[in-house]
Asker: 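Below are the structure tokens for one structure; questions will follow.
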Amino acid sequence: MILDGKAVSEKRLELLKEKIDESGLYPRLATVIVGEDPASQMYVRMKHRACERVGIGSIGIELSIDASTEQVLEAVARLNADPDIDGILVQLPLPRGVETARVIDAVAPIKDVDGFHPFNLGRLLAGKPVYAPCTPQGVMTILDEYGIPIAGKRAVVVGRSIDVGRPMAVLLLNADATVTICHSRTENLADEMRRADILVSAVGKAKFVRPDMVKAGATVIDVGINQDEQGRLSGDVDFEAVRERAGAITPVPGGVGPMTIATLMENTFKAARLRTCCDEIVR
Ligand code: GUN
């Protein structure tokens, strides 16, 4: 079975548009981009387009590649203080000269729709999430939409980043999976991966996951986005070979990617609801 993230994201965006219409709210998202990385610019454009589609207002702050950490912090502080802004997204990666951790820590937790602030990661770890990071939350939505059982299953997450691997493992744990996190120092990696009922790869290497690393019938989630010399996108999974063995698998493109944006929209609507009713949740 191919897990069609594009179709699921379309469905979720339609549903969200209805919910936003009914709510009478006009949520607003601010994006911050530093420098002119074409991939980042494309992602930010896609986020603004999705906003427009579901009835979320959006503004984009663009800073030059040589902006200092202080200048980025000032932009974030202005957005934190702006009563018209519900959600703030600082597009990553930031240029080398900018201290990413300081910027992430500066975003007001109630506006942190990316879910990267230590407050939100802590809430997730405590099993009481406010905003979960969009990509792993999007994976949970795909699993849910396709009715793939999680409780009691063995989940293996390959990758331990703050934005994907770690929160992915915690979300699966919170859903009662038995979770293993693997990374570049893991011994006998293929053995670990072969135990997975749900295998999530967030490594960033094309054709990293081969059929011999996959248990027959497993659900394989490909979070990788890799570009070859011709600019073609591929995931971490050798899709054509692994699909024969997997029970269910996400393609790239059209799998997890669209779900990240749909989840960002859902988080932004949540931000608007929280700010209008109960912002004490994040104090
Ligand atoms: N860069 C790649 N993915 C993401 C994401 O989900 N959020 C942000 N802010 N930057 C990213």
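Given the structure is predicted, the values throughout are model-derived calculations rather than measurements. Throughout, numbering of the chain's residues begins at 1 and tracks the sequence. For ligands, and for the atoms within them, numbers begin at 1 and follow the listed sequence.
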Asker: Backbone, side chain, both or neither: what part of Val90 comes under 4.0 angstrom of ligand 1, heavy atoms only?
Answerer: backbone

Asker: Hey, which of Val8, Val220, Thr219 is the one that makes side chain to side chain contact (heavy atoms under 4.5 Å, CB included) with Leu3?
Answerer: Thr219

Asker: Would you say Gln91 has any N or O atom under 3.5 Å from an N or O of ligand 1, going by distance alone?
Answerer: yes

Asker: Look at the side chain of Arg154 and the backbone N and O of Arg195, then say whether any donor-acceptor pair between them is shorter than 3.5 Å.
Answerer: no

Asker: If you measure every N or O of Phe116 against every N or O of ligand 1, does any of those distances drop under 3.5 Å?
Answerer: no

Asker: Quick test of your reading of the structure: of Val44, Asp114, Leu92, whose heavy atom lies closest to atom 9 (N) of ligand 1?
Answerer: Asp114

Asker: Between Lys215 and Asp197 (salt bridge meaning N to carboxylate O under 4.0 Å), is one present in this structure?
Answerer: yes

Asker: Which atom pair, heavy atoms only, marks the closest approach of His48 to Ser58?
Answerer: ND1-OG, 2.7 Å

Asker: Any donor-acceptor pair under 3.5 Å linking the side chain of Asn80 with the backbone of Ala108?
Answerer: yes

Asker: Got a protein heavy atom sitting under 4.0 Å from atom 6 (O) of ligand 1?
Answerer: yes

